[in-house]
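Dumping the structure here so I can ask a few things about it.
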Amino acid sequence: MFDLKNIRENPESFDVGMKRRGLAPQAEAILALDEDARRLTLEMNDLQAIRNTASKAIGAAKAKGDEDEFKRLMAEVESVKAKLPALEGAQKEKAETLRDLLSGLPNIPAADVPDGADESANIEIRRWAEPKSIDGAKEHFDIGEALGQMDFETAAAMSGARFVLMKGGLARLERALACFMLDLHTGEFGYEEINPPLLVRDEALYGTGQLPKFKEDLFGINTSEQFWLIPTAEVPLTNIVREKILAEEDLPLRYTAWTPCFRSEAGSAGKDTRGMIRMHQFSKVELVSIVTPEYSEEEHERMTSCAEEVLKRLELPFRTMVLSSGDMGFSAHKTYDIEVWLPGQGRYREISSISNCGDFQARRMMTRCRKKGEKATRYPHTLNGSGLAVGRTLIAVLENYQQPDGSVVVPEVLKPYMGGLENIEKVN
RNA sequence: GGAUGGGUGGCUGAGUGGUCGAUAGCGGCGGUCUUGAAAACCGUUGGGCGUUUGCGCGUCCCGGGGGUUCGAAUCCCUCCCCAUCCGCCA
């Protein structure tokens with residue numbers, strides 16, 4: 001959501017932002033609606049003021065028993081009342097149209113976000129470790145299936161495409177990865193571990209920006225109560241501060257959670273159909289920070305380094321990209337993607353996305369903050385990032401730690417979490 | 001699923017038709033006192049929109065929407081949410 005005053009003062013720069021997002025100019029339509037709504041509000045207010053003063057006078061006249069005055073005032077109010085409903089209706093309609101228009105527009109890209117229509121304009125900003133070249137490197141699904149611990153067929157039989165069932169060492173590896181990540185973020189980076197609801201209401205998804213525009217990407221459940229399955233823990237973690245006024249001395253707030261995520265993947269037909277790159281259900285360790293506006297850029301860098309640290313400790317080569325204006329998510333002001341090297345695919349694949357949303361989500365959630373001793377409130381900035389996508393991290397471990405005999409060596413930092421298992425081998 | 005009670009300012013909690021945007025307490029802020037702090041005491045303290053150079057003024061907001069009325073936090077309708085008890089269940 002946007003600050004109307006800002007658009008009024010800088011309509012051109014707003015449209016530049018929209019253009020960078022690949023959208024037509026919006027400011028003229030917004031300002032026309034805004035002006036109409038304000039004009040109607042003004043007229044409405046004037047009439048209401050007449051009505052209100054007259055009503056007070058009526059009360060006084062009645063108390064005094066002044067029948068003539070009473071009748072005169074009643075007549076005055078009558079004429080005002082005849083005009084009011086139409087005005088109120090028109091004003092409401094304009095305001096609603098304006099709100100609907102605004103709530104469907106994406107966040108403005110930061111000044112240092114590269115322009116571009118899609119991912120081809122993303123820019124690599126750093127790289128860590130040399131990609132391993134492995135002779136005859138296999139893809140993760142070949143490795144997992146050969147180990148007898150990654151089963152797409154059984155999953156499909158009960159749930160359909162884009163589901164996987166893992167067992168034994170691989171199931172354990174998934175849990176080990178998540179525990180390792182949580183321990184790192186809570187133990188070293190100051191994030192508080194949260195175990196949030198996985199089903200949320202409309203308002204929560206509106207706050208983070210998935211609704212009203214991206215319904216088709218979500219799974220909903222239709223019982224007597226309407227819920228949505230979270231597509232990411234960003235939703236419950238960010239909504240912790242929904243409709244709250246935070247004390248600025250309590251910021252930054254840093255939350256982390258390991259949760260399943262559910263995505264319909266509508267529009268992804270034919271993409272990544274093999275293996276577990278793109279599932280309807282996957283688990284992810286999420287990071288969310290709520291910070292003062294001055295601090296969000298610094299926090300964005302910090303959060304990115306927290307996610308990168310996971311890969312460093314797992315000794316998985318990666319590169320970090322800054323997304324172009326056309327490739328960023330709806331609520332993002334600036335986004336870094338971390339891409340991990342997959343020897344089996346011979347390419348880098350996204351494993352984390354870290355976004356600074358500025359005040360975009362805070363406005364939608366009505367989250368405000370206030371300095372100690374001050375009256376005025378303002379909107380904090382929100383950030384979210386994967387730290388990391390657990391399923392894809394598992395893929396990266398399989399492909400980078402695969403051995404010629406088909407087994408997979410457990411990375412050093414995961415050993416404490418694997419109950420003595422140091423090498424994942426084929427089960428009979 | 002059945003029954004009941006509720007949703008009021010940063011928080012707690014009064015308020016059942018006419019200066020109620022709202023009593024009070026807590027919290028916050030300012031001050032007195034104190035070497036300093038605490039305590040005590042005094043004062044002050046909602047948000048949005050519009051308008052004004054400014055002081056200010058107008059209007060809307062007591063869960064959402066609609067209605068009754070000259071006038072609604074207060075009455076009516078409707079929807080949402082929360083809590084408690086019972087039943088069922090991990």
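The chains referred to below are lettered A, B, ... by the order of the sequence lines, with proteins before strands, and numbering in each begins at 1. Note: hydrogens, waters and symmetry copies are ignored here, and every other heavy atom, side chains too, is used.
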Watson-Crick or G-U wobble mate for B:C62, both contacts under 3.5 Å: none
Watson-Crick or G-U wobble mate for B:U69, both contacts under 3.5 Å: none
Phosphate OP1/OP2 of B:G71: any A:K81 side-chain N/O under 4.0 Å: yes
Atom-to-atom span, CG of A:D202 to P of B:C80 - whole angstrom: 12 Å
Pairing partner (Watson-Crick or G-U wobble, both distances under 3.5 angstrom) of B:G50: B:C57
Interatomic distance at C1', B:G9 relative to B:A14, whole Å: 13 Å
First of A:E78 and A:R368 reached from the 5' end of RNA chain B, by closest nucleotide: A:R368
side-chain contact (heavy atoms from CB on, under 4.5 Å) between A:I290 and A:E299, worked out: CA-CA 9 Å; A:I290 316 292; A:E299 182 73 3; over 6 Å; no
Separation of B:C61 C1' from A:N52 CG (nearest whole Å): 14 Å
Test item: side-chain donor near acceptor, A:S296 and A:N356, under 3.5 Å: yes
Minimum heavy-atom distance between A:P380 and A:P293, given as atom pair plus value: CA-CD, 4.4 Å
Pairwise P distance for B:G27 and B:U34, with rounding to whole Å: 23 Å
Test item: side-chain donor near acceptor, A:S353 and A:D337, under 3.5 Å: yes
Main-chain N/O of A:R263 paired to A:H280 side chain as donor or acceptor, under 3.5 Å: yes
Separation of B:A90 P from A:L198 CG (nearest whole Å): 20 Å
Whole-Å gap separating C1' (B:C60) and CG (A:L40): 15 Å
Short side-chain N/O contact from A:R370 to OP1 or OP2 of B:C29, under 4.0 Å: no
Ring centroid separation A:F282 to A:F262 under 6.0 Å: no
N/O (side chain, A:K92) to phosphate O (OP1/OP2, B:G66) under 4.0 Å: yes
Interatomic distance where CD belongs to A:E203 and C1' belongs to B:C79 [whole Å]: 13 Å
Among B:U51, B:C70, B:G58, the one nearest A:A49 by side-chain distance: B:G58
For atom CD of A:E43 and atom P of B:G50, their distance in whole Å: 16 Å
Same-atom distance (C1') from B:G7 to B:G18, integer angstrom: 26 Å
Nearest-Å distance once atom P is located in both B:C62 and B:C55: 27 Å
A:N45 side-chain N/O to B:C57 phosphate OP1/OP2 under 4.0 Å: no
Whole-Å C1' distance, B:G1 and B:G15: 36 Å
A:R8 side-chain N/O to B:G50 phosphate OP1/OP2 under 4.0 Å: yes
Watson-Crick or G-U wobble partner of B:A40, both distances under 3.5 Å: B:U32
Rounded distance (Å) that lies between atom P of B:C49 and atom CG of A:D36: 19 Å
Whole-angstrom distance between B:A72 and B:U8, as gauged at atom C1': 14 Å
Most 5' of A:L42 and A:R51 on RNA chain B, judged by nearest nucleotide: A:L42
Residues A:R38, A:D34: salt bridge by 4.0 Å N-O rule: yes
Side-chain N,O (A:R201) to OP1/OP2 (B:C82) below 4.0 Å: yes
Pairwise C1' distance for B:C77 and B:U69, with rounding to whole Å: 16 Å
Residue matched to B:C85 through Watson-Crick or wobble contacts both under 3.5 angstrom: B:G2
Integer angstrom distance from the P of B:G47 to that of B:G10: 8 Å
Base-pairing mate for B:G27 - Watson-Crick or G-U, with both contacts under 3.5 Å: B:U45
A:R242 CZ - B:C81 P separation (whole Å): 13 Å
